[in-house]
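Please read the structure below before turning to the comments.
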Amino acid sequence: MTTVRYAVNPAAFHWYLPELIADREGFFREQGLLIEWNRLPKYPDKTSAYVRAMADGITDFYHCGEWVAVARLLISEDGKAVAKSPPGDETLNSSFTLFARKGSDIRTLTDLKYKAVAVEEGTGSKYNLLEALEPFVTERELKLVNISEPHKRFQALIKGTVDAAVLLGPWNRIAKLYGMIELVKLRRTRPTVLIVSNRLSDGVVRSLIYAINKAIKIINKEALKYNKVCEEYLLQLASEIGIDLPDLSDVNLIDKWNLWEPYTYEELYSAASWMLNRKLIDGVPSRNVIRQLELTK
């Protein structure tokens with residue numbers, strides 16, 4: 001057995017559901033892999049937390065939005081981008097949605113001028129928000145509030161401490177149950193990118209992706225089978241913020257994923273160029289940040 005370390009943030013459980021299911025169903029073991037689950041440390045700079053965790057040997061892989069991957073690959077040589085999961089209908093990486101609080105008079109994106117909008121700094125949700133609002137509100141007219149955890153952004157909406165917030169995954173369904181106002185589903189045209197440590201051999205990376213893709217296939221086919229897994233996490237997080245969730249037994253809490261597939265430097269360069277043009281980064285990553293592998297789905 002080859003041990004592969006994986007650091008996770010329990011508040012973002014929806015992002016590692018395929019890995020969780022792959023482990024529970026024994027798909028990693030079938031590939032000769034043993035996953036060592038670690039909790040992501042609370043580094044001072046959360047935007048580079050996974051970079052630090054990889055450098056510190058706490059995780060051997062992680063995934064993030066493509067724009068975030070560009071920023072992280074610019075500051076770290078400990079890992080390389082190896083695969084992408086494209087966005088698509090009903091996929092988690094297409095679920096970013098901007099909600100206004102219940103009872104708000106906000107109805108259009110122009111109404112967000114000088115309003116407090118909760119988003120997580122240094123993540124794809126912020127870049128997607130900026131892209132969506134460009135025709136309506138300038139960044140200077142936005143009052144962005146950094147709230148890193150999705151359940152705490154939801155809490156801020158409930159309490160009215162922000163006017164709007166970006167939510168995703170199961171929190172979107174719950175927001176609708178609470179009467180939050182859906183302003184826009186952020187257009188997600190860019191993929192989620194898988195970054196793997198240089199410590200992992202090509203063979204281990206292929207086995208890892210094969211096991212995760214196997215889990216994605218059964219999640220997409222039998223989503224409701226895993227509803228209880230999500231519900232357990234949601235109830236725990238809701239308890240932390242003092243919110244009683246409604247009955248979720250009839251709510252589909254699972255988002256689909258597209259299979260991991262090869263990722264090219266040309267795709268990364270395109271994303272980096274968008275960021276560079278908006279002065280979100282100072283340069284473009286070199287070709288050596290990509291590990292090119294043939295992958296079996």
Side-chain angles (χ1 to χ4, degrees), residues 6 8-25 27 61-69 83-99 118-120 123-129 132 148-154 157 165-178 180 182-194 209 211-238 245-261 297:
Y6 190 32
V8 298
N9 172 12
F13 69 91
H14 36 280
W15 279 114
Y16 60 85
L17 185 66
E19 289 84 356
L20 189 64
I21 300 307
D23 204 22
R24 291 192 179 193
E25 298 289 351
F27 299 156
F61 69 101
Y62 66 87
H63 40 70
C64 57
E66 186 177 34
W67 285 319
V68 180
K84 66 177 180 182
S85 176
D89 292 341
E90 301 180 10
T91 59
L92 179 61
N93 59 2
S94 291
S95 71
F96 290 98
T97 306
L98 181 63
F99 285 91
V119 70
E120 183 176 7
T123 66
S125 60
K126 178 183 176 180
Y127 297 125
N128 281 120
L129 178 66
S148 61
E149 309 295 7
H151 64 299
K152 292 184 178 177
R153 291 197 295 277
F154 179 77
L157 273 183
V166 175
L167 301 176
L168 74 159
W171 292 108
N172 289 350
R173 282 92 157 179
I174 296 171
K176 291 177 182 177
L177 294 177
Y178 274 80
M180 302 300 175
E182 182 176 331
L183 296 175
V184 64
K185 196 167 187 177
L186 302 183
R187 185 174 62 90
R188 186 72 180 256
T189 59
R190 297 194 175 278
T192 297
V193 174
L194 179 65
I209 294 174
I212 298 170
N213 275 347
K214 188 172 181 179
I216 287 172
K217 290 175 183 177
I218 65 168
I219 289 170
N220 291 349
K221 186 178 180 181
E222 307 175 65
L224 292 176
K225 178 180 177 181
Y226 301 103
N227 242 25
K228 275 293 179 185
V229 178
C230 277
E231 191 173 350
E232 290 170 11
Y233 277 96
L234 287 168
L235 290 173
Q236 182 177 342
L237 292 169
L245 292 179
D247 180 16
L248 299 175
S249 57
D250 294 327
V251 181
N252 178 17
L253 302 171
I254 308 294
D255 288 280
K256 295 180 178 180
W257 281 75
N258 278 327
L259 298 177
W260 291 102
E261 59 186 54
K297 296 181 181 181

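Along the sequence shown, the residues carry numbers beginning at 1. Just so it is clear, the model here is predicted, and its values are computed rather than measured.
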Using 30° and 60° as the class limits, which term best fits the ring planes of Phe154 and Trp171: parallel, tilted or perpendicular?
->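 Because their plane-to-plane angle lies in the 30° to 60° range, the rings of Phe154 and Trp171 count as tilted.
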
Would you compute the distance between atom [atom1] of [X] and atom [atom2] of [Y] and round it to the nearest 0.5 angstrom?
X	Y	atom1	atom2	result
Leu168	Leu186	CG	CG	10.0 Å
Asn258	Asn213	CG	CG	10.0 Å
Asn220	Leu259	CG	CG	7.0 Å
Leu183	Leu98	CG	CG	5.0 Å
Ile209	Trp260	CD1	CH2	8.0 Å
Leu234	Ile174	CG	CD1	4.5 Å

Validation row: [X], [Y] side chains within 4.5 angstrom (heavy atoms):
X	Y	result
Pro150	His14	yes
Glu182	Lys176	yes
Leu20	Phe13	no

Sequence neighbours left out, cut at 3.5 Å: what donor-acceptor pairs do the side chains of residues 221-233 make with other protein atoms?
from, atom 1, to, atom 2, distance (Å)
Tyr226, OH, Glu25, OE2, 2.9
Asn227, OD1, Leu253, N, 3.0
Asn227, ND2, Val251, O, 2.6

Would you please name every residue forming a ring pair (Phe, Tyr, Trp, His ring centres under 6.0 Å) with Trp257, sequence neighbours left out?
->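 Testing Trp257 for ring pair (Phe, Tyr, Trp, His ring centres under 6.0 Å), a comparison that skips the adjacent residues, returns Trp15, His63.
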
Partners passing ring pair (Phe, Tyr, Trp, His ring centres under 6.0 Å) against Phe99 (at least two apart in sequence or in another chain) |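 In terms of ring pair (Phe, Tyr, Trp, His ring centres under 6.0 Å), with neighbours along the sequence ignored, Phe99 is linked to no residue.
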
Tell me every residue that passes side-chain hydrogen bond (donor to acceptor under 3.5 Å, both in side chains) with [X], counting only those two or more places apart in sequence or in another chain.
X	value
Thr97	Asn172
Thr192	Asn93
Asp250	none
Asn9	Glu149

What pair of heavy atoms forms the shortest contact from [X] to [Y], and how long is it?
X	Y	result
Lys185	Ser94	CE-O, 3.1 Å
Pro191	Pro86	CB-CA, 3.9 Å
Leu167	Ala175	CD1-CB, 3.8 Å
Leu157	Ala165	CG-CB, 3.8 Å

Test Ile21 against every option in Ile212, Ile254, Ile219, Ile216 by the side-chain contact (heavy atoms from CB on, under 4.5 Å) rule and name the one that passes.
->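 Output: one option passes, namely Ile219.
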
List in chain and number order the residues that pass salt bridge (Lys or Arg N to Asp or Glu O under 4.0 Å) with [X], two or more places apart in sequence or in another chain; answer none if no residue qualifies.
X	result
Lys152	none
Arg153	none
Arg24	none

Set of residues satisfying side-chain contact (heavy atoms from CB on, under 4.5 Å) with respect to Ala22, sequence neighbours excluded =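 If we apply the side-chain contact (heavy atoms from CB on, under 4.5 Å) test to Ala22, skipping adjacent residues, the hits are Phe27, Phe28, Ala215.
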
Sequence neighbours left out, what pairs pass salt bridge (charged side-chain N to carboxylate O under 4.0 Å, His left out) with at least one residue falling in residues 165-175?
->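 Only Arg173-Asp255 qualify under salt bridge (charged side-chain N to carboxylate O under 4.0 Å, His left out).
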
